[in-house]
*Asks:* 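Supplied in structure tokens, the structure appears directly below.
Here the structure is a predicted model, which means the values were calculated and not measured. For the single chain, residues carry numbers from 1 onward in sequence order. In listed order, ligands and their atoms are each counted from 1.
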Amino acid sequence: MSIAKAPLWRKLREHRESLETTHLRELFSHDKRRGPAMTVEHDGVVLDYAKNLVTAETMELLLDLAADRDLATGIDAMFSGHPINTTEHRAVLHTALRAPRDCSVLVDGHDVVPDVHDVLDQMREFADGVRSGTWRGFTGEPIRTVVNIGIGGSDLGPAMATHALREYMPDELDIRFVSNVDGHDIERALRGLDPARTLFVVASKTFTTVETLTNARTARAWLLAALGDSSAVARHFVAVSSNTDEVAAFGIDPANMFVFWDWVGGRYSLPSAIGLSVMIAIGPERFRELLAGAQSMDEHFRRAPFERNLPVLLGMLGVWYRGFCDTQTHAVLPYDQRLARLPAYLQQLDMESNGKSVTRDGTPIDIATAPIVWGEPGTNGQHAFFQLLHQGTEIVPCDFIGVLEPTHGMVEHHDLLMANLFAQAEALAFGRTPAEVVAAGVPESQVPHRTFAGNQPSTTILLPRLTPYTLGQLIALYEHKVFTQGWIWGVNSFDQWGVELGKALATRIYGEFDMERVNDDGHDSSTHALIQRYRRVRKN
Ligand code: G6Q
């Protein structure tokens, strides 16, 4: 059924028209309690959505829409292991990865929670061994560097979390990430490393991903060139995968393999064995805290009423902007350098999950789905692209993410950082009217250039501190936001068929580099000429 023609969708559209000329300035001046009234909190995480282009009525209508689209049923279906990933006939159970030991989650009648904890125990033993030096390399040296080789969901989460939690890492340990098939990536990652003290974690759910296997083979050759004995591989390579056969075929002992399951999507896999490098970095106890934080947000999402449910509110605001306010993009602006990789992580989570144009039953969709997600940490972004946010022609909903208490003691730094976060959200919302500009003594000719329209929406998310626990909460908050939106739009948020075509064409073109030149190779004239140019250089 057409979503756009549903009565509530129409009602929301009419409601938006009635709000078209309303400015956040008016909304705040008419309701002095708007700030606190539109702030919700769960377990220390604060979500202030007051600076969004909404009224109480908007939120009511959006929550009516959530009810109308049976969001509660969707949430229940996900948590109870129904195969909601319909195109791949799979359950979607990243939430089971953080379920406590005494819980039970059934997939086809089988309780997966004991399996999850068996792998967590195996990871703990291994991580402790590497950290304490009882796991040694082939020549008896302790491990000093862990190189995670993976891409997409097998890279972005661990890389983001390791960067965020670096303060928890022991000084003597280094964690590096290699993802790109571009040889410069692995070349740089290996530079300066001692093979005898290096451990590779090859992270690939399928263990067939070309980039990862190419990098893993290069790493193996590098190791063997130095250590000269193929039995060294067993002490320097472990695998995280759901494909035992391919792991064994690569030459990694299945005893050094950490499994996960087809009901864990790549971009949702950080809390699974894919987080092994994070666990080695921060230690098993801290990793457990990350899982506990995510679980706290899971329970909140599952049980809290929608009007106080952080992921639901965040998700429905996104539905509002894409469906009714014509916004194209969504900015993620962490005011914390430790969260520098968060925008890239959320970009995949959101765009790969909901960048779809058919509904779950294959019907073309008649509304806008996922926005383009982008962002950079503040305050850096202020000196780069914030000009467009303040005076450009687009409405860009922004998420400002701040951490109240830093781990360093440099009060001046943190005060300046937080002042900028609050100031930017305020400036975007309220702007500066021409009258205010004139009153500030600006010459007439400059007034248009120095006026700020304001009315740029933002949400502020505050964490008390950045810890494994709060990072787990933040990850789950966004996972469930994305779920909420996907469910409302009616798309399957858990497949990614859109990445297949490019892969297939790359395989074909790769095979053509060594062929004799053909004039009609079946490519368009642009692609043909580009390939020819590369072949000429390659020949030399
Ligand atoms: C994520 C996607 C994708 C995947 C990578 C790596 O949801 O499925 O980003 O994680 O393509 O896949 P492998 O882990 O199988 O190597």
*Asks:* Does this structure show an ion pair linking Arg288 with Asp121, if we count only N-O contacts that are shorter than 4.0 Å?
*Replies:*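 Yes.
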
*Asks:* Got a sec: does the CG of Asp326 have more than 12 other heavy atoms crowding it under 6.0 Å?
*Replies:*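 Counting neighbours around CG of Asp326, 12 or fewer heavy atoms of other residues, nucleotides or ligands fall under 6.0 Å, so no.
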
*Asks:* What does the 4.0 Å heavy-atom contact list look like for ligand 1?
*Replies:*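 Contacting ligand 1 under 4.0 Å are Ile151, Gly152, Gly153, Ser154, Ser204, Lys205, Thr206, Thr209, Gly266, Arg267, Gln348, Glu352, Gln496.
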
*Asks:* Under the salt bridge (Lys or Arg N to Asp or Glu O under 4.0 Å) rule, collect the residues that match up with Glu512, sequence neighbours excluded.
*Replies:*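 Scan of Glu512 (salt bridge (Lys or Arg N to Asp or Glu O under 4.0 Å), adjacent residues dropped) gives Arg508.
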
*Asks:* Is the closest basic N to carboxylate O distance between Arg98 and Glu479 below 4.0 Å?
*Replies:*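 Looking at Arg98 and Glu479, the cut-off is met.
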
*Asks:* Listed by chain and number, what are the side chain to side chain contact (heavy atoms under 4.5 Å, CB included) partners of Arg360, not counting sequence neighbours?
*Replies:*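 Applying side chain to side chain contact (heavy atoms under 4.5 Å, CB included) to Arg360 gives Thr86, Trp487, Asn492.
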
*Asks:* Applying salt bridge (Lys or Arg N to Asp or Glu O under 4.0 Å), name anything that partners Asp514, two or more places apart in sequence or on another chain.
*Replies:*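 Once residues adjacent in sequence are excluded, the partners of Asp514 under the salt bridge (Lys or Arg N to Asp or Glu O under 4.0 Å) criterion are Arg538.
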
